[in-house]
Amino acid sequence: VLQRRPDSGLDTGLLETFARRVRSWWLLCAVLAAAFYMGTTATVVLFGVISFWALREFITLTPTRPSDHRALFWVFFLFTPLQYVLVGMKWYDFYTILIPVYASLLVPARIAFSGDAKRFLERTAKILAGLMICVYCLSHAPALLTLDLSKTSAGAGSSGPTRLLFFFVVMVQL
């Protein structure tokens, strides 16, 4: 409506940015609704793909060296999918410790084995921060679907965890 009014006095660049953001929110809502409709597995896969993309963008902006490539292979193709497989299998005891414990030990070890000590701590910390933020933290959103809320009055019915995840996504977007 604001774009159609030429005399609104608002900056057209600002209006275009707002319109793009609203379109992207509607796209997000449609994709998330489709994943919810298809079930828990589709939702976990969707969040896994989003994590992979987010981690890829994070690492793209992070300075790495060629000696980090094997460790990055582990991060992208071992830890990221394994985290979401464990979430999908509802193995709480494993997906809560996989990245903070095992990845935090194995990724620095792999980088150390490459023999490149230049800015080792900085490179390792940035890679692990990306893994924690983009994969570990984000994987706990679809993990909400694995909660057993049948014993609480708020979670009565099978849609309790889905409503909880929907509420979480809405709050993040707001």
Side-chain angles (χ1 to χ4, degrees), residues 16-18 20-36 38-146 164-174:
E16 184 60 35
T17 301
F18 179 73
R20 275 188 298 208
R21 188 167 291 177
V22 169
R23 279 193 298 271
S24 68
W25 284 339
W26 279 113
L27 179 64
L28 174 93
C29 288
V31 169
L32 194 58
F36 283 166
M38 288 190 284
T40 302
T41 304
T43 305
V44 171
V45 168
L46 172 68
F47 275 88
V49 169
I50 291 170
S51 280
F52 187 86
W53 283 341
L55 184 61
R56 186 188 64 128
E57 289 299 317
F58 187 95
I59 296 298
T60 300
L61 298 173
T62 303
T64 58
R65 298 179 53 84
S67 57
D68 298 338
H69 289 178
R70 288 210 176 152
L72 288 172
F73 180 83
W74 284 14
V75 165
F76 279 102
F77 299 109
L78 175 71
F79 290 115
T80 301
L82 186 57
Q83 178 74 12
Y84 282 93
V85 166
L86 294 173
V87 167
M89 295 173 67
K90 302 178 183 179
W91 285 4
Y92 175 81
D93 294 337
F94 294 113
Y95 73 74
T96 56
I97 65 167
L98 175 70
I99 291 174
V101 174
Y102 296 109
S104 295
L105 293 172
L106 294 175
V107 169
R110 181 63 200 114
I111 294 173
F113 287 144
S114 71
D116 185 3
K118 185 173 183 182
R119 302 182 85 133
F120 169 77
L121 291 176
E122 180 182 349
R123 293 185 347 249
T124 303
K126 288 179 180 179
I127 291 170
L128 288 176
L131 187 61
M132 286 294 288
I133 294 166
C134 300
V135 179
Y136 182 73
C137 293
L138 197 55
S139 72
H140 282 72
L144 292 173
L145 297 175
T146 66
L164 188 59
L165 179 57
F166 178 75
F167 176 74
F168 174 72
V169 171
V170 167
M171 289 296 107
V172 167
Q173 287 302 309
L174 288 176

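Along the sequence shown, the residues carry numbers beginning at 1.
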Atom pair [atom1] ([X]) and [atom2] ([Y]), whose distance is rounded to the nearest 0.5 Å:
{"X": "Ser104", "Y": "Met132", "atom1": "OG", "atom2": "CE", "result": "6.5 Å"}
{"X": "Arg23", "Y": "Leu28", "atom1": "CZ", "atom2": "CG", "result": "15.0 Å"}
{"X": "Leu98", "Y": "Leu82", "atom1": "CG", "atom2": "CG", "result": "5.0 Å"}
{"X": "Phe52", "Y": "Glu57", "atom1": "CZ", "atom2": "CD", "result": "11.0 Å"}
{"X": "Leu138", "Y": "Ile133", "atom1": "CG", "atom2": "CD1", "result": "11.0 Å"}
{"X": "Ile59", "Y": "Cys134", "atom1": "CD1", "atom2": "SG", "result": "7.5 Å"}

More than 12 heavy atoms of other residues, nucleotides or ligands under 6.0 Å from [atom1] of [X]: yes or no?
{"X": "Trp25", "atom1": "CH2", "answer": "yes"}
{"X": "Phe94", "atom1": "CZ", "answer": "no"}
{"X": "Phe166", "atom1": "CZ", "answer": "no"}
{"X": "Arg65", "atom1": "CZ", "answer": "yes"}

Taking all non-hydrogen atoms of both residues, which atom of [X] and which atom of [Y] are closest, and how far apart?
{"X": "Ala71", "Y": "Ile111", "answer": "CB-CG1, 3.5 Å"}
{"X": "Asp93", "Y": "Ile97", "answer": "O-CG1, 3.4 Å"}
{"X": "Leu72", "Y": "Thr64", "answer": "CD1-CG2, 4.1 Å"}
{"X": "Ala117", "Y": "Arg123", "answer": "C-NH1, 4.4 Å"}
{"X": "Ala141", "Y": "Phe168", "answer": "CB-CE2, 3.7 Å"}

For residues [X] and [Y], determine if any side-chain heavy atom of one lies less than 4.5 Å from a side-chain heavy atom of the other.
{"X": "Lys126", "Y": "Pro63", "value": "yes"}
{"X": "Asp68", "Y": "Phe120", "value": "no"}
{"X": "Val135", "Y": "Phe79", "value": "no"}
{"X": "Met38", "Y": "Leu46", "value": "no"}
{"X": "Leu128", "Y": "Pro108", "value": "yes"}

Steps toward side-chain contact (heavy atoms from CB on, under 4.5 Å) verdict (Ile127, Leu131): CA-CA 6 Å; Ile127 291 170; Leu131 187 61; 5.6 Å; no
Verify the distance criterion only: is there a donor paired with an acceptor across the side chains of Ser51 and Tyr84 at less than 3.5 Å?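 Yes, a side-chain donor-acceptor pair sits under 3.5 Å.
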Evaluate the criterion side-chain contact (heavy atoms from CB on, under 4.5 Å) for residue pair Phe47 and Leu165; output intermediate values, then yes/no. CA-CA 12 Å; Phe47 275 88; Leu165 179 57; 4.1 Å; yes
Evaluate the ring planes of His140 and Tyr136, with Trp represented by its six-membered ring, and classify them as parallel (under 30°), tilted (30 to 60°) or perpendicular (over 60°).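 Perpendicular.
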Step by step, work out the ring pair (Phe, Tyr, Trp, His ring centres under 6.0 Å) result for Phe73 and Phe76. CA-CA 5 Å; Phe73 180 83; Phe76 279 102; 9.3 Å; no
Set of residues satisfying side-chain hydrogen bond (donor to acceptor under 3.5 Å, both in side chains) with respect to Thr43, sequence neighbours excluded: none
